[in-house]
Student: 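Got a structure here, written out as structure tokens. Questions coming.
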Amino acid sequence: MTTFVVDSSVRLGQYRDRSFPGTRDELEAKLKTSTTLYVGNLSFYTTEEQIHALFSMCGDVKRIIMGLDKVKRTPCGFCFVEYYTREAAANNIRYLNGTKLDDRVIRTDWDYGFSEGRQYGRGKHGGQVRDEFRQTFDQDRGGYGKALETQLIASGALPTQDDSNSP
């Protein structure tokens, strides 16, 4: 197994979780010492084992928390990866951010730390908010975004669930 060694001076990304239960300064302080990463744009079919195999190349993984659709309880395209050390997490961002896993370009960013309930998607339909407003067709993400799918069904361009079951 190859382990990359670098310092932990990877800069913080631009993303900030608006649901953080504290001040902006508290969030910044937690991000600067965190060993947890948010991983986005995963395929709905990517397994925890695949994530572990790839991400353990950067250091020892403490745990992986798969993001779940809050309605269906199925994977919805993100996860949290917690490392034992800040250096291992920094290695991940440096070497794995923007790489492909299951034919999808994944993105990794610092996260302030996992707490129960954060594994569920925050979109209106249970999944991620980004998927709600997607304007393109993506088979791996369930087709069209929910907002566009509703418009297409209303205009008759897409069949409804009931129409697709008829002979």
Student: Can you see which heavy atom on Leu68 is nearest to which on Arg73, and at what distance?
Tutor: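 Looking at all heavy atoms of both residues, the shortest contact is CD2-O, 4.1 Å.
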
Student: Carefully, step by step, assess Leu37 and Tyr83 under the rule side chain to side chain contact (heavy atoms under 4.5 Å, CB included).
Tutor: CA-CA 8 Å; Leu37 301 176; Tyr83 284 96; 3.8 Å; yes

Student: Any idea which heavy atoms bring Ala88 and Gly59 closest together, and the distance?
Tutor: CB-CA, 3.7 Å

Student: Under 3.5 Å, is there a donor-acceptor pair between the side chain of Thr35 and the main chain of Tyr84?
Tutor: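 Such a contact is absent between Thr35 side chain and Tyr84 backbone.
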
Student: To the nearest 0.5 Å, how far apart are CD1 in Ile51 and SG in Cys79?
Tutor: 4.0 Å

Student: For Gly113 and Ser34, work out which heavy atoms get closest and say how close.
Tutor: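 Looks like N-OG, 4.3 Å.
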
Student: Could you walk me through whether Phe55 and Ile106 pass the side chain to side chain contact (heavy atoms under 4.5 Å, CB included) check?
Tutor: CA-CA 12 Å; Phe55 287 27; Ile106 59 171; 3.8 Å; yes

Student: Taking all heavy atoms of Ala90 and all of Trp110, pick out the closest pair and write down the distance.
Tutor: N-CH2, 3.6 Å

Student: With heavy-atom distances below 4.5 Å as the criterion, would you say the side chains of Cys58 and Leu96 are in contact?
Tutor: yes

Student: Does the side chain to side chain contact (heavy atoms under 4.5 Å, CB included) test come out yes or no for Leu12 and Lys32, once each step is laid out?
Tutor: CA-CA 8 Å; Leu12 298 179; Lys32 289 178 182 175; 3.9 Å; yes

Student: Could you name each residue pair satisfying salt bridge (Lys or Arg N to Asp or Glu O under 4.0 Å) that touches residues 76-85, not counting sequence neighbours?
Tutor: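 Sorted pair list: Lys62-Glu82, Arg63-Glu82.
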
Student: Which distance, rounded to the nearest 0.5 Å, do you find between the CZ of Phe78 and the CG of Asp111?
Tutor: 10.0 Å

Student: Side-chain contact, heavy-atom cut-off 4.5 Å: Lys30 with Phe20?
Tutor: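 Yes; the side chains approach each other to less than 4.5 Å.
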
Student: Atom OG1 in Thr108, atom CZ in Arg94: separation rounded to 0.5 Å?
Tutor: 11.5 Å

Student: Rounded to the nearest 0.5 Å, what separation is found between the CD1 atom of Ile93 and the CG atom of Asp109?
Tutor: 6.0 Å

Student: Between Arg107 and Asn41, does any side-chain donor sit less than 3.5 Å from a side-chain acceptor?
Tutor: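 Side chains of Arg107 and Asn41: no pair found under 3.5 Å.
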
Student: Check the pair Asp102 / Leu42 against side chain to side chain contact (heavy atoms under 4.5 Å, CB included), numbers first and verdict last.
Tutor: CA-CA 8 Å; Asp102 266 354; Leu42 293 172; over 6 Å; no

Student: Within this structure, what is the CG-OH distance for the pair Leu27 and Tyr112, rounded to the nearest 0.5 Å?
Tutor: 8.0 Å

Student: About how many Å separate CD of Gln50 and OH of Tyr45, when rounded to the nearest 0.5 Å?
Tutor: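 CD of Gln50 is found 13.0 Å from OH of Tyr45.
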
